[in-house]
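Structure record follows, encoded as structure tokens.
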Amino acid sequence: MAIANKNIIFVAGLGGIGLDTSREIVKSNLVILDRIDNPAAIAELKAINPKVTITFYPYDVTVSVAESTKLLKVIFDKLKTVDLLINGAGILDDYQIERTIAVNFAGTVNTTTAIMAFWDKRKGGPGGVIANICSVTGFNAIYQVPVYSASKAAALSFTNSLAKLAPITGVTAYSINPGITKTTLVHKFNSWLDVEPRVAELLLEHPTQTSLQCAQNFVKAIEANQNGAIWKLDLGRLEAIEWTKHWDSGI
């Protein structure tokens with residue numbers, strides 16, 4: 001998938017890995033949906049490539065599918081076509097159990113469900129591509145933050161199902177699973193029930209990657225455009241993970 005001259009919706013494209021990735025994909029028209037407005041970041045993106053259109057809409061992924069659909073209708077009415085949806089919202093704080101599940105998992109499900117009204121080929125839609133930012137904790141948990149880890153595992157499972165549904169919906173999907181990346185997300189966070197108060201400090205004692213390294217590999221994954229791919233972006237490397245099948249529904 002060549003990035004140039006595409007229309008991309010990027011949920012949470014203004015912070016951490018999101019902003020560095022936005023800087024890398026401004027060959028495309030970007031619609032950024034984020035909970036917090038960042039005019040300076042939007043201005044910076046516009047300056048990088050004045051030939052493309054950068055648009056911002058305030059958006060909280062915890063709203064209902066109906067509310068998400070209303071916003072997407074505004075966007076589709078304006079752009080006519082959207083090529084790629086990136087679901088990137090995430091929080092890391094195991095004190096906030098309900099919000100962690102709402103943002104990291106339910107928000108991804110709701111935004112994806114909403115865009116199906118415009119993409120699903122059963123409704124006459126053209127299809128599309130979804131890239132869900134999950135996490136390596138979806139493979140193996142950081143057990144001191146079990147709520148976060150489980151929410152990312154759920155998002156990964158959802159993405160894998162989306163990919164298998166592509167022949168029915170016309171919508172392909174793959175997951176982006178960053179390893180520990182130097183962002184504000186991991187500088188300080190709370191473990192579940194305070195089982196390890198120093199979890200952030202301990203985590204950062206191990207090798208990490210920069211958000212720029214992660215963003216550059218994210219672009220490679222977008223360009224590969226491989227339905228069902230489970231991409232690991234860790235320590236500055238991009239690797240396709242082969243998911244081991246331990247059980248199959250048989251349907």
Side-chain angles (χ1 to χ4, degrees), residues 1-57 59 61 75 79 81-90 92 104 108 111-112 115 128-136 152 155-156 159 172-187 207-227 229-241:
M1 179 181 183
I3 292 178
N5 303 315
K6 295 292 192 295
N7 293 330
I8 298 175
I9 296 176
F10 197 162
V11 179
L14 291 181
I17 294 170
L19 182 53
D20 269 332
T21 304
S22 292
R23 293 182 179 116
E24 295 293 314
I25 60 175
V26 287
K27 295 176 182 177
S28 296
N29 296 314
L30 271 180
V31 178
I32 295 178
L33 310 183
D34 214 313
R35 187 172 61 87
I36 300 174
D37 193 1
N38 188 339
I42 295 294
E44 178 193 345
L45 293 173
K46 289 180 177 179
I48 292 173
N49 187 358
K51 295 181 180 179
V52 302
T53 301
I54 311 294
T55 312
F56 170 81
Y57 293 93
Y59 181 58
V61 297
I75 295 168
L79 296 180
T81 61
V82 173
D83 302 287
L84 171 66
L85 166 66
I86 301 173
N87 283 311
L92 174 52
N104 294 357
T108 294
T111 307
T112 299
I115 207 167
V129 181
I130 296 174
N132 286 333
I133 300 180
C134 302
S135 169
V136 292
K152 289 299 187 177
L156 174 59
T159 309
T172 60
Y174 51 87
S175 63
I176 301 296
N177 300 278
I180 306 307
T181 306
K182 292 179 182 177
T183 68
T184 55
L185 194 70
V186 298
H187 286 165
T208 62
Q209 65 184 354
T210 66
S211 57
L212 177 57
Q213 287 175 310
C214 188
Q216 290 170 339
N217 282 322
F218 195 162
V219 171
K220 293 176 183 177
I222 292 172
E223 291 171 339
N225 195 28
Q226 183 179 335
N227 183 46
I230 302 171
W231 294 109
K232 182 176 75 169
L233 291 70
D234 191 31
L235 301 178
R237 297 187 294 269
L238 178 68
E239 179 184 354
I241 297 299

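A donor-acceptor pair under 3.5 Å is absent between the side-chain atoms of S135 and the main chain of N177, judged by distance alone. A distance-only check finds no donor-acceptor pair linking the side chain of N29 to the backbone of V52 [under 3.5 Å]. With hydrogens and angles ignored, the 3.5 Å screen pairs a side-chain donor or acceptor of N49 with a backbone N or O of V26. Of the possible donor and acceptor atoms, none in the side chain of Q213 sits under 3.5 Å from a partner among the backbone N and O of G236. D83 contributes no side-chain N or O that, together with a main-chain N or O of K6, makes up a donor-acceptor pair within less than 3.5 Å.
Taken to the nearest 0.5 Å, the OH atom of Y59 stands 9.5 Å off from the CD1 atom of I9.
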Original post:
Under the side-chain contact (heavy atoms from CB on, under 4.5 Å) criterion, do T21 and F10 qualify, and how do the steps go?
Top reply: CA-CA 10 Å; T21 304; F10 197 162; 3.9 Å; yes

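When all heavy atoms of G88 and I133 are compared, the closest pair comes out as CA-CD1, 3.7 Å. Residues L156 and S175 approach most closely at CD1-OG, 3.2 Å, considering heavy atoms. When all heavy atoms are compared, the tightest approach of A4 to S28 is N-OG, 4.2 Å. Taking all atoms of both residues into account, the shortest heavy-atom contact from T183 to S211 is CG2-CB, 4.1 Å. When all heavy atoms of G179 and V136 are compared, the pair lying nearest together is CA-CG2, 3.6 Å. When all heavy atoms are compared, the tightest approach of Y174 to A229 is CB-O, 3.3 Å.
By the 4.5 Å heavy-atom criterion applied to side chains, I25 and V219 are counted as neighbours. Residues I222 and V129 are not in side-chain contact: their nearest non-hydrogen atoms beyond the backbone lie 4.5 Å or more apart. Annotation: side chain of E239 is not in contact with side chain of D234 (no heavy-atom distance under 4.5 Å). Looking at heavy atoms from C-beta onward, Q226 lies in side-chain contact with W231 at the 4.5 angstrom threshold. In this structure the side chain of Y57 reaches within 4.5 angstrom of the side chain of I75, judged on heavy atoms.
Tested against N87, the residues N104, N132, T159 include a single side-chain hydrogen bond (donor to acceptor under 3.5 Å, both in side chains) partner, N132. Screening I32, L84, L79 for a side-chain contact (heavy atoms from CB on, under 4.5 Å) involving I8 leaves a single residue, L84.
The salt bridge (Lys or Arg N to Asp or Glu O under 4.0 Å) contacts involving residues 18-38 comprise D20-R23, R23-E44, where partners must be two or more places apart or lie in separate chains.
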